[in-house]
There are 2 protein chains.
Amino acid sequence: MPEGRTGQGYSGESLLFLTDEQLRQGIEAMFFAYRGFTADPDRILAELSYGRAHHRAIHFINRSPGTTVNNLLSILGVTKQSLNRVLRTLIGDGLVESKVGELDKRERHLYLTDQGAALEATLSDAQRARMRAAYKDAGPEAVQGFKKVLEAMMDADMRRAYAKLRETGA
Amino acid sequence: MPEGRTGQGYSGESLLFLTDEQLRQGIEAMFFAYRGFTADPDRILAELSYGRAHHRAIHFINRSPGTTVNNLLSILGVTKQSLNRVLRTLIGDGLVESKVGELDKRERHLYLTDQGAALEATLSDAQRARMRAAYKDAGPEAVQGFKKVLEAMMDADMRRAYAKLRETGA
DNA sequence: CAGTTTATGTCAGTGTTGTTGACATTCCAA
DNA sequence: TTGGAATGTCAACAACACTGACATAAACTG
């Protein structure tokens, strides 16, 4: 196992940021930061006895109203059975509405109800608040680097999904 | 709910990177990137019928050999019952060794066995490989920004734990 | 020394979230 | 029209988090 230096070949440029130690720090930063990232919504969700899966569903339905179950499935990267359980409770609780497709009656199009939209707002307000504080602390240049590295960390299909969402939203 | 612009007050400087839309992009990037971040170790772990919890324990025991259960507990942020279940299997499978403390016999000090260290190496090689590729893609400046934002995203206690680990390792 | 606190482990129960398997419905194409 | 593909639902199960209660041993405190 190469220790302390990457196996990528050490050119003239400074590649010190690619040492195993640097990479390990990044890995641990990612671990701790993700806990912070989810902490605020998690607290809110716990009171409603929902979990992260509910949050994710609500987020992406809000993001793309009328999306189909299949669509959501490919974004979330879970099995349809797993998603279905979450959707069932959200529909049962009146946060999400499921409409049979007009063109294709096999499809279900998903929408947030007013109540669902309210919860979405609460959750994303909390998450954005932390994000905003972090961005502000770190500054615009750091944010650009942050996004660049995150995008490079994704699998190809995630990058596609991410890009698609940005098209819609920007 | 303010939409499109943060509520922080818009000074003369460019704060466009703090718009709700920008923050949402960051949130989604974080979501997708974390999937990528864990994907490679997850595949390896699945074959051994271990999970992320095992990976985390192995990682931090490797990081701080001889650490106590309590210490690990505060880093991982889970209950002792949850950690104990994981440790029990790892010790039973001969990947982790638990030694009664010499000074304080209540404490258990945790070490990786050779077999445990081998798995740790496999897992972190896989995770580092992706990290290295992402870092290389994004470049040194981006990496600096990446770490800066992640650190700003942590809770105070996580930041402490993270800093402590960096002391040891650097 | 007696009583309390600390560190650890265990048992039982519960909830969320992931999985696979089986199945119903709908669409489409041979 | 019949068979396959796509879409979604229900049931059962496993992993892993949680709480609560309790046991043990060691350390600390008055």
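Lettering of chains follows the sequences in order, A, B, ..., and the numbering in each one begins at 1.
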[N] OP1/OP2 closer than 4.0 Å to side-chain N/O of [X]:
X	N	value
A/Asn84	D/dG8	no
B/Thr79	D/dC18	yes
B/His54	D/dA15	no
A/Arg88	D/dT9	no

Just checking [X]: base, sugar-phosphate only, or nothing, at a heavy-atom cut-off of under 4.0 Å?
X	value
A/Arg85	base
A/Ser49	sugar-phosphate
B/His109	nothing

Are [X] and [Y] ion-paired here, with the side-chain N under 4.0 Å from a carboxylate O?
X	Y	value
A/Glu21	A/Arg24	yes
A/Asp157	A/Arg160	no
B/Arg35	B/Asp42	no
A/Arg128	A/Asp40	no

Closest of C/dT17, C/dT19, D/dG8 to the A/Arg52 side chain is C/dT17
Task: Among C/dT19, D/dG8, C/dT8, the one nearest B/Thr68 by side-chain distance - done: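 For B/Thr68, the side-chain atoms sit closest to C/dT8.
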inquiry  = My understanding is that only one of A/Val86, A/Leu90, A/Leu110, A/Leu45 makes a side-chain contact (heavy atoms from CB on, under 4.5 Å) with A/Ile58; could you say which?
reply    =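 Considering A/Val86, A/Leu90, A/Leu110, A/Leu45, a side-chain contact (heavy atoms from CB on, under 4.5 Å) with A/Ile58 is found only for A/Leu90.
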- Task: Scan B/Leu72, B/Ile61, B/Leu76 and name whichever one has a side-chain contact (heavy atoms from CB on, under 4.5 Å) with B/Arg56.
- Result: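 Result for side-chain contact (heavy atoms from CB on, under 4.5 Å) with B/Arg56: B/Leu76.
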In whole angstrom, what separates [X]'s [atom1] from [N]'s [atom2]?
X	N	atom1	atom2	result
A/Glu107	D/dA5	CD	P	18 Å
A/Arg108	C/dC27	CZ	P	10 Å
A/Asn70	D/dT9	CG	P	11 Å
B/Leu76	C/dT8	CG	C1'	16 Å
B/Asp42	D/dA15	CG	C1'	12 Å
A/Leu45	C/dG15	CG	C1'	14 Å
A/Leu72	D/dG8	CG	C1'	13 Å
A/Leu90	C/dT16	CG	C1'	13 Å

| said: Quiz question: by atom type and distance under 3.5 Å, do the side chains of A/Glu28 and B/His59 form a donor-acceptor pair? | reply: yes
Atom CG in B/Asp125, atom CZ in B/Arg130: separation rounded to 0.5 Å?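 Output value for this atom pair is 14.5 Å.
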Identify the pairs formed between an N or O of the protein and an N or O of nucleotides 23-29 of chain D at a distance under 3.5 Å, and give each distance.
| unit_1 | atom_1 | unit_2 | atom_2 | d |
| --- | --- | --- | --- | --- |
| D/dA27 | OP1 | B/Leu103 | O | 2.9 |
| D/dA27 | OP1 | B/Lys105 | N | 3.2 |

Ignoring hydrogens and angles, does a donor from either the side chain of A/Gln81 or the base of C/dG18 sit under 3.5 Å from an acceptor on the other? no
